[in-house]
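Have a look at the structure below, then the notes.
Below, chain A is the first sequence line, B the second, and so on; all start at residue 1.
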Amino acid sequence: MKGISVKKNEDFSQWYTELIQKAELADIRYNVRGLVPYRAWASITIRKMYRVYEETLERKGHLPLIMPTLIPERNFRLEAKHVEGFSPGVFWVTHGGDKELEEKLALRPTSETALYQMYSLWIRSYNDLPFKRYVSGQVFRYEGADTRAFFRAREFHWIESHDVFATEEEARQQVIEDMETTYEMLQDEFAIPIIFFQRPEWDKFPGAVHTYAADALMDSGKVLQLPSTHLLGQNFSIPFDVKFIDENNEEQYGYITCYGPAISRIYGAMIALLGDDNGLVLPWDMAPIQVVIIPIYSSGTKEEVLVKARELETTLKKYMKETIIKLDDRDYVSPGEKFNEWELKGVPLRIEIGPKDIQNEQVVAVNRISGKKERVKLVDLKNYASSYASNFTKELKEKYSVQFETQVQLAQTVDEVKKAIGENKIVCSGFCSIDLDGEPCAEIIEKEVKAFVRGKRVDSEKHKFEKCVVCGKPAKETIYIARSY
RNA sequence: GGUAGGAUGGUCUAGCUUGGUAAGAUUUUUGCUUCGGGAGUAAAGGAUCCAGGGUUCAAAUCCCUGUCCUGCCA
């Protein structure tokens, strides 16, 4: 069968695997575990995602850098918590040809330790600040066996921006800007609903002062960690000697922030969340092909229909210069099969044209989200198509924009947490602390409920609790607990 | 990490128990008839049976090692 054989909400795992294979997104048969070739259809979208993200970062004052993939071990060891956090996940290059290297080289799992070494050379005075740069590329992490295409891989594709400021206040502002950027990209461009949490101390980026991470709200109450932004403070600038001369001619250490949207993972979230039983659904601007025209003819009407269909293609292309339009005139594939194929691949707008339409000077337009068919007069088609294009992503966004509050259930005891998680809810509870002294309580939640403390909301919080849901001590924080992918 | 399965034309699967000519569907190519929601028909093409070793007159099949994949549990 060419289509997906299961319903998304009945067997998500099977659905996702089939989607990836049948829509030709990736091929998991590459013979190194956790490394996955992305096929053309996914690669086109991923490059579009990079482009829109990079343009946004540049508009906000970041400049691009291209950095080496290998990092010497000694850089790696400079920040103690960073080493401790990342060491188990590093691929090491130990040989050059047959010769053992004098110093091992890490395949970058993230680029702090490559960049800041150079930042200490590039940043001289307060006139150089703020210093905002980003890197696009692959990073490598030796994950466990539990890999899944796009969601969790041993090599993944991301952007990381690393910014240096003269004051902690400016750095904090940058973290806020990063969160705004995330909303603009994930919600507005990619139609993925998210919410930001300040992560608890025990779940921070290794070496950070604070970590703020977006959780995507997937259906069925599970969340998926998407971009995170970290206030590194001076934790890295001191060991890496990133300092500048201030107005008073005194040396100061910079305040650093870093932000890492993992494009490949966001892609995974996008296809998993927006897709339906027929296959992929993509936001208008992210689709490799946005409009497909399907001619419908019998042997007597073939020539006439094809001529009209080509005319239609030319007119639309002239009118919608930015839009990628394809005329599917393969005559060895039946119309029905074309319908299914392009739905599987998530083309937002399908236009059918057959003899009856030509008689009535119209076409049939089919919406990928609703599946609804609409007759559109040829004279109205230009307007129809451009308003369709500008509404499509909005429609998609509305369809999946879950009211966060409606997924949330309050809980006062561990049993209530367990019950609510079992009902696919995100749980809101009181918690003794999100500093390290709260970790034992979090471990109990992990063990008993098999869900994780995601942290406290970054935007406003209206719920207040007296006691910690686990230990019963006074609750310092209101936190959220959820299952994650 | 534990555990249970699996790997056979491009794809999906049968064959393995009981060793003996690798089979089917689909895909691909070609012809004819078709085409408004996964077309029909005829022919052709397509395999180091995951890799390496062992047992045997003979191995896809039995044994050992490795690699990769999948499910479940932690």
| query | Counting any heavy atom closer than 4.0 Å, what does K447(A) reach on the DNA or RNA strands: base, sugar-phosphate only, or nothing? | reply | nothing
| query | Phosphate oxygens OP1/OP2 of C35(B): is one of them under 4.0 Å from a side-chain N or O of K338(A)? | reply | no
| Atom NZ of K302(A) and atom C1' of C32(B): how far apart are they, to the nearest Å? | 13 Å
| Between C69(B) atom C1' and L35(A) atom CG, what is the distance in whole Å? | 14 Å
| Got a sec, which pairs hit side chain to side chain donor-acceptor pair (under 3.5 Å) with one end in residues 315-326 of chain A, sequence neighbours left out? | E313(A)-K317(A)
| field | Between C1' of G36(B) and CD of E374(A), the distance in whole Å | value | 17 Å
| query | So what's G19(B) paired with, Watson-Crick or G-U wobble, going by both distances under 3.5 Å? | reply | none
| said: Give me each pair satisfying side chain to side chain donor-acceptor pair (under 3.5 Å) with a member in residues 370-380 of chain A, each pair once, sequence neighbours excluded. | reply: E374(A)-Y384(A)
| said: Can you confirm whether the side chains of S111(A) and E160(A) place a donor and an acceptor under 3.5 Å from each other? | reply: yes
| message | Under 4.0 Å between a side-chain nitrogen and a carboxylate oxygen: does that hold for E73(A) and R77(A)? | response | yes
| task | Select one nucleotide: of U34(B), G37(B), A74(B), the one nearest the side-chain heavy atoms of S299(A). | result | U34(B)
Using a cut-off of under 3.5 Å, enumerate the N/O to N/O pairs linking the protein to nucleotides 8-14 of chain B.
| residue | atom | partner | partner atom | Å |
| --- | --- | --- | --- | --- |
| U11(B) | OP1 | R29(A) | NH1 | 2.3 |

| message | Checking base pairs now: Watson-Crick or wobble, both atom distances under 3.5 Å. What partners A4(B)? | response | U70(B)
| Who is the Watson-Crick or G-U wobble partner of A25(B), with both distances under 3.5 Å? | U11(B)
| field | Residue D357(A), side-chain atoms from C-beta onward, closest of G36(B), G38(B), C35(B) | value | G36(B)
| message | Output the rounded distance in Å from CD (E18(A)) to P (C69(B)). | response | 19 Å
| said: With a 3.5 Å limit on both atom pairs, tell me what U34(B) is paired to, counting Watson-Crick and G-U wobble, or say none. | reply: none
| task | Taking only Lys NZ, Arg NE, NH1 and NH2, and the carboxylate oxygens of Asp or Glu, determine whether R457(A) and E405(A) approach each other closer than 4.0 Å. | result | yes
| request: Flag the pair E103(A) and R74(A) as a salt bridge only when some basic side-chain nitrogen lies within less than 4.0 angstrom of an acidic carboxylate oxygen. | output: yes
| Can you tell me how far P of U34(B) sits from CG of D331(A), to the nearest Å? | 14 Å
| query | So which of residues 348-355 of chain A are in contact with RNA chain B, with a heavy-atom cut-off of under 4.0 Å? | reply | R350(A), E352(A), G354(A), P355(A)
| query | Checking side-chain contact (heavy atoms from CB on, under 4.5 Å) against P283(A), which of M270(A), K394(A), M49(A), K48(A) comes through? | reply | M270(A)
Compile the donor-acceptor pairs under 3.5 Å between side chains in residues 354-364 of chain A and protein atoms, sequence neighbours left out, one pair per line.
| residue | atom | partner | partner atom | Å |
| --- | --- | --- | --- | --- |
| D357(A) | OD1 | Q362(A) | NE2 | 3.1 |
| D357(A) | OD2 | G354(A) | N | 2.9 |
| N360(A) | ND2 | K356(A) | O | 3.2 |

| field | RNA chain B: 5'-proximal contact among R148(A) and E343(A) (nearest heavy atom) | value | E343(A)
| task | Go through G37(B), G36(B), A74(B) for me and flag the one nearest to the N340(A) side chain. | result | G37(B)
| task | Name all pairs fulfilling the side chain to side chain donor-acceptor pair (under 3.5 Å) condition that reach into residues 275-286 of chain A, sequence neighbours left out, sorted by first residue then second. | result | D276(A)-R368(A)
